[in-house]
Amino acid sequence: MNVPNKITVFRFCCVPFLFAASLIQFRYHWVVALLIYFVACMSDKADGIIARKEGLVTDFGKLMDPLSDKSLVLAAFLIQINLGWHTDLVIMIMMAREFLVAGIRMAAVSEGEVIAANAFGKAKTFLQMATTGITFLILAILEKDGETIITTIGYNAPHWLNIYCTIAFWIVSIVTLLSGLKYAKDGWHLIKTK
């Protein structure tokens, strides 16, 4: 397994640690969650740069890199929804898009094709990572002297944070939906032949 693929696997491994740091109440736990999320997001950029620069682009990387991104981003959104931001429809739109794209990719593999992430998909991933990353940053800043003031128990986020999350999550869901429609359009020849 080459270095970019190892970095992709590392990103999958970050997901349970992100959940643990977010859901277990300990001193500066949102700071730890932010650091884990930041390192995982930066690893997405790193594996792509290394793969292209060293000529290490593989079918495994083309397939698993987007899946590791999806796992990380959906974990971040689920953590934040668990905090009380009731944007369940946003998650449903995102998951529907991911299942659609995964289905198209599996159909492509059966035909001997590999569908890599396109520019629209990469923009969607960047926007998702930025939106959830900013939320983790705000949660870390709101920790007072290492004490959590926003928890899943006794949720008490400021009103402006609720407004930010609602607007940001809906913008991301619209871009996600448009990205899914683009993949469906590009992979329509695979659907039609079945």
Side-chain angles (χ1 to χ4, degrees), residues 1-22 32-54 56-82 85 87 90-109 113-137 165 168-187:
M1 183 177 285
N2 63 35
V3 172
N5 290 344
K6 286 178 181 175
I7 294 173
T8 296
V9 172
F10 163 78
R11 197 155 50 257
F12 275 114
C13 295
C14 287
V15 171
F17 290 101
L18 178 64
F19 268 114
S22 300
V32 174
L34 172 64
L35 291 174
I36 292 169
Y37 192 65
F38 179 77
V39 169
C41 289
M42 289 300 100
S43 76
D44 177 43
K45 188 73 173 168
D47 66 12
I49 290 170
I50 295 168
R52 286 186 293 275
K53 186 177 178 183
E54 303 296 328
L56 298 173
V57 178
T58 63
D59 287 348
F60 175 88
K62 288 179 184 176
L63 189 63
M64 298 308 287
D65 180 68
L67 288 177
S68 67
D69 297 342
K70 291 170 182 44
S71 299
L72 180 66
V73 167
L74 286 174
F77 274 106
L78 288 172
I79 288 165
Q80 292 171 21
I81 282 176
N82 193 44
W85 294 304
T87 47
V90 169
I91 286 293
M92 289 174 64
I93 290 169
M94 290 185 192
M95 291 182 74
R97 183 266 184 203
E98 303 311 346
F99 283 121
L100 171 68
V101 172
I104 291 170
R105 284 196 168 121
M106 283 190 272
V109 167
E113 293 181 43
V114 175
I115 299 177
N118 59 33
F120 210 144
K122 289 178 181 177
K124 178 268 309 177
T125 300
F126 171 78
L127 189 57
Q128 288 178 333
M129 287 182 173
T131 301
T132 50
I134 289 168
T135 309
F136 279 126
L137 176 61
C165 287
F169 288 8
W170 273 107
I171 290 170
V172 170
S173 71
I174 291 166
V175 174
T176 300
L177 181 61
L178 294 174
S179 169
L181 293 174
K182 173 79 167 102
Y183 274 100
K185 179 178 174 287
D186 292 347

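In what follows, every heavy atom counts, from backbone to side chain, and hydrogens, waters and symmetry copies are set aside. Index from 1, following the sequence.
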Point to revise | Pair V101-R97, side chain to side chain contact (heavy atoms under 4.5 Å, CB included): steps then yes or no | key: CA-CA 6 Å; V101 172; R97 183 266 184 203; 3.7 Å; yes
Review point. Given the rule in the side chain to side chain contact (heavy atoms under 4.5 Å, CB included) test, do F12 and L67 qualify, once you have shown the distances and angles that lead to the verdict?
Key: CA-CA 9 Å; F12 275 114; L67 288 177; 3.9 Å; yes
Review point. Run the side chain to side chain contact (heavy atoms under 4.5 Å, CB included) check on V172 and V90 step by step: do they pass?
Key: CA-CA 8 Å; V172 170; V90 169; 5.9 Å; no
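Side chain of T131 to backbone of L127: a donor-acceptor contact under 3.5 angstrom is found.
Rounding to the nearest 0.5 angstrom, the gap separating the CZ atom in F77 from the OG1 atom in T135 is 7.5 Å. The CG atom of L178 lies 9.5 Å from the OG atom of S173; values are rounded to the nearest 0.5 Å. Note that the CG atom of L72 and the CG atom of L18 stand 6.5 Å from one another [nearest 0.5 Å]. If you take CD on Q128 and NZ on K70, they are separated by 8.5 Å, rounding to the nearest 0.5 Å. Once rounded to the nearest 0.5 Å, the distance linking CZ of F10 with NZ of K6 reads 14.0 Å. Taken from CD1 in I7 to CE in M42, the straight-line distance is 12.5 Å, to the nearest 0.5 Å.
For R11, the salt bridge (charged side-chain N to carboxylate O under 4.0 Å, His left out) criterion is met by D44, D47, D65, D69, not counting sequence neighbours.
Counted within 6.0 Å of CZ on F19, heavy atoms from surrounding residues, nucleotides or ligands total more than 12; the atom is thus considered enclosed. Enclosure of atom CZ in F99 is not indicated, since only 12 or fewer non-hydrogen atoms of other residues, nucleotides or ligands lie within 6.0 angstrom.
Side-chain contact between V32 and F17: absent, with no pair of heavy atoms (C-beta onward) separated by less than 4.5 Å.
Considering all non-hydrogen atoms of both residues, A184 and I104 come closest at CA-CD1, 3.6 Å. Nearest heavy atoms, P4 versus I50: CG-CG2, 3.7 Å.
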Counting only pairs under 3.5 Å, give me each side-chain donor-acceptor contact of residues 33-40, with atom names and distances, residues two or more places apart or in other chains.
residue : atom : partner : partner atom : Å
Y37     : OH   : T132    : OG1          : 2.4

